[in-house]
Amino acid sequence: MQTVMEPDEVLDIDDRVERLQGSDYLSFELDGELYGVDIQAVEEIRVWEKPTLLPRSPEFILGVINLRGMIVPVMDLRLRFHTQKVDYHRETVVLVLRASEVANNKIMGVVVDAVSDVVDQGEGQIMPPIGDSKVIAYVNGLLNVGERVMSLVNVDELLRIERWI
């Protein structure tokens, strides 16, 4: 059961980690690293298609796509996370993500290198994120997946348009 937050409420890192306990995650690759989003935030997984350009948009917004009559902005997560830009290929996918009610149910496509798998948290313990990079603001926690560490993306923060200005 999810707890409803007030829009202006800010959670400290321990509260954010606690909210993640018991969730399933869609894992994906980005620049050789493993990331995951709460499976409940995933609306759709689409093959790469070139979006329609939007004038004067931030560098990481590639444009918009038509999703069954709805105009959906598309963000390149590599550019948002300040990693190297790559050409898009047949394994490149667009994850259509929906933020929570607290974040006004925003929908956005996010370009990632490849989708990996659905990961069940199981007995794994989610650890708070560490470090001080531009990406850390979008990471809720870290989870061991086999021999790798998966960074759990905070979809609400990622889709917060106010951060772009």
Side-chain angles (χ1 to χ4, degrees), residues 10-13 16-17 19-20 23-65 67 71-100 103 106-119 121 124-165:
V10 177
L11 294 175
D12 70 14
I13 193 63
R16 287 178 19 208
V17 168
R19 282 176 177 250
L20 297 174
S23 296
D24 290 335
Y25 302 94
L26 179 67
S27 64
F28 60 89
E29 295 283 333
L30 190 71
D31 197 27
E33 298 295 327
L34 185 64
Y35 291 88
V37 292
D38 188 325
I39 196 78
Q40 293 181 10
V42 179
E43 287 284 313
E44 189 171 317
I45 302 170
R46 298 175 60 100
V47 295
W48 165 251
E49 64 180 274
K50 187 170 172 59
T52 302
L53 296 177
L54 275 178
R56 298 188 204 159
S57 60
E59 173 188 19
F60 53 86
I61 298 297
L62 302 177
V64 295
I65 57 173
L67 181 65
I71 303 301
V72 176
V74 176
M75 173 193 303
D76 186 323
L77 206 52
R78 278 178 170 264
L79 295 177
R80 187 67 182 127
F81 285 0
H82 305 282
T83 65
Q84 66 184 24
K85 184 176 169 112
V86 295
D87 293 327
Y88 306 116
H89 49 80
R90 63 177 198 190
E91 290 178 4
T92 302
V93 295
V94 177
L95 300 179
V96 179
L97 302 176
R98 180 182 296 272
S100 70
K106 290 181 191 113
I107 294 181
M108 184 171 297
V110 177
V111 179
V112 300
D113 296 346
V115 171
S116 300
D117 205 355
V118 174
V119 176
Q121 179 190 341
Q125 182 178 2
I126 296 174
M127 302 301 294
I130 54 175
D132 186 27
S133 73
K134 295 182 183 207
V135 175
I136 209 74
Y138 306 108
V139 175
N140 271 338
L142 305 171
L143 179 65
N144 285 326
V145 178
E147 297 297 315
R148 298 181 72 188
V149 175
M150 181 169 66
S151 298
L152 304 175
V153 176
N154 181 334
V155 173
D156 288 353
E157 280 299 309
L158 185 65
L159 303 188
R160 249 180 77 197
I161 295 171
E162 302 80 35
R163 279 190 169 276
W164 304 356
I165 301 169

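Computation of the quantities below employed the complete heavy-atom set of this structure, encompassing side-chain atoms and omitting hydrogens, waters and symmetry-equivalent molecules. We count residues from 1, following the sequence as given.
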**OP:** Output all residues satisfying side chain to side chain donor-acceptor pair (under 3.5 Å) with E43, sequence neighbours left out; order by chain, then residue number.
**Re:** R98
**OP:** Please report the shortest heavy-atom distance between P73 and V64, naming the atom on each side.
**Re:** CA-CG1, 3.8 Å
**OP:** Drop me the distance from S27's OG to R148's CZ, to the nearest 0.5 angstrom.
**Re:** 8.5 Å
Original post:
Which heavy-atom pair separates V72 from G109 by the least distance, and what is that distance?
Top reply: CG1-N, 3.5 Å
Subject >> Inter-residue atom distance L95.CG - R46.CZ, 0.5 Å rounding >> reply: 12.0 Å
Original post:
Tell me, do F28 and I45 make a side-chain contact under 4.5 Å, heavy atoms counted?
Top reply: no
Original post:
Are V115 and L26 side-chain neighbours, meaning at least one heavy-atom pair lies under 4.5 Å?
Top reply: yes
**OP:** Could you check V111, V112, D113 and say which one makes a side chain to side chain contact (heavy atoms under 4.5 Å, CB included) with R78?
**Re:** D113
**OP:** Mind running side-chain contact (heavy atoms from CB on, under 4.5 Å) on L158 and R80 for me, showing each step along the way?
**Re:** CA-CA 9 Å; L158 185 65; R80 187 67 182 127; 4.3 Å; yes
**OP:** Indicate the ring-plane relationship of Y35 and F81, choosing parallel, tilted or perpendicular according to the 30° and 60° boundaries.
**Re:** tilted
Original post:
What are the two closest non-hydrogen atoms of M75 and I61, and how far apart are they?
Top reply: CB-CD1, 4.0 Å
Original post:
Is the closest side-chain heavy-atom distance between V149 and N144 below 4.5 Å?
Top reply: yes
**OP:** Could you grab the distance from atom CE of M150 to atom CG of L34, nearest 0.5 Å is fine?
**Re:** 6.0 Å
Original post:
Out of curiosity, L152 CG to N140 CG, how far, rounded to the nearest 0.5 Å?
Top reply: 7.0 Å
Original post:
Does D117 use its side chain to pair, donor to acceptor, with the backbone of V119 at less than 3.5 Å?
Top reply: no
Subject >> OH-CZ distance between Y138 and R160, expressed to the nearest 0.5 angstrom >> reply: 8.5 Å
Subject >> Non-hydrogen atoms of I130 and I136 that approach each other most closely >> reply: O-CD1, 3.2 Å
Subject >> Over all atoms of both residues, closest heavy-atom pair of G141 and P129 >> reply: CA-CD, 3.8 Å
Original post:
With side chains defined as the heavy atoms from C-beta onward, is the minimum distance between V110 and V37 less than 4.5 Å?
Top reply: no
Subject >> Nearest-0.5 Å distance that lies between atom CG in D24 and atom CD1 in I39 >> reply: 7.0 Å
**OP:** Walk me through it: do V86 and T92 pass the test side-chain contact (heavy atoms from CB on, under 4.5 Å)?
**Re:** CA-CA 10 Å; V86 295; T92 302; over 6 Å; no
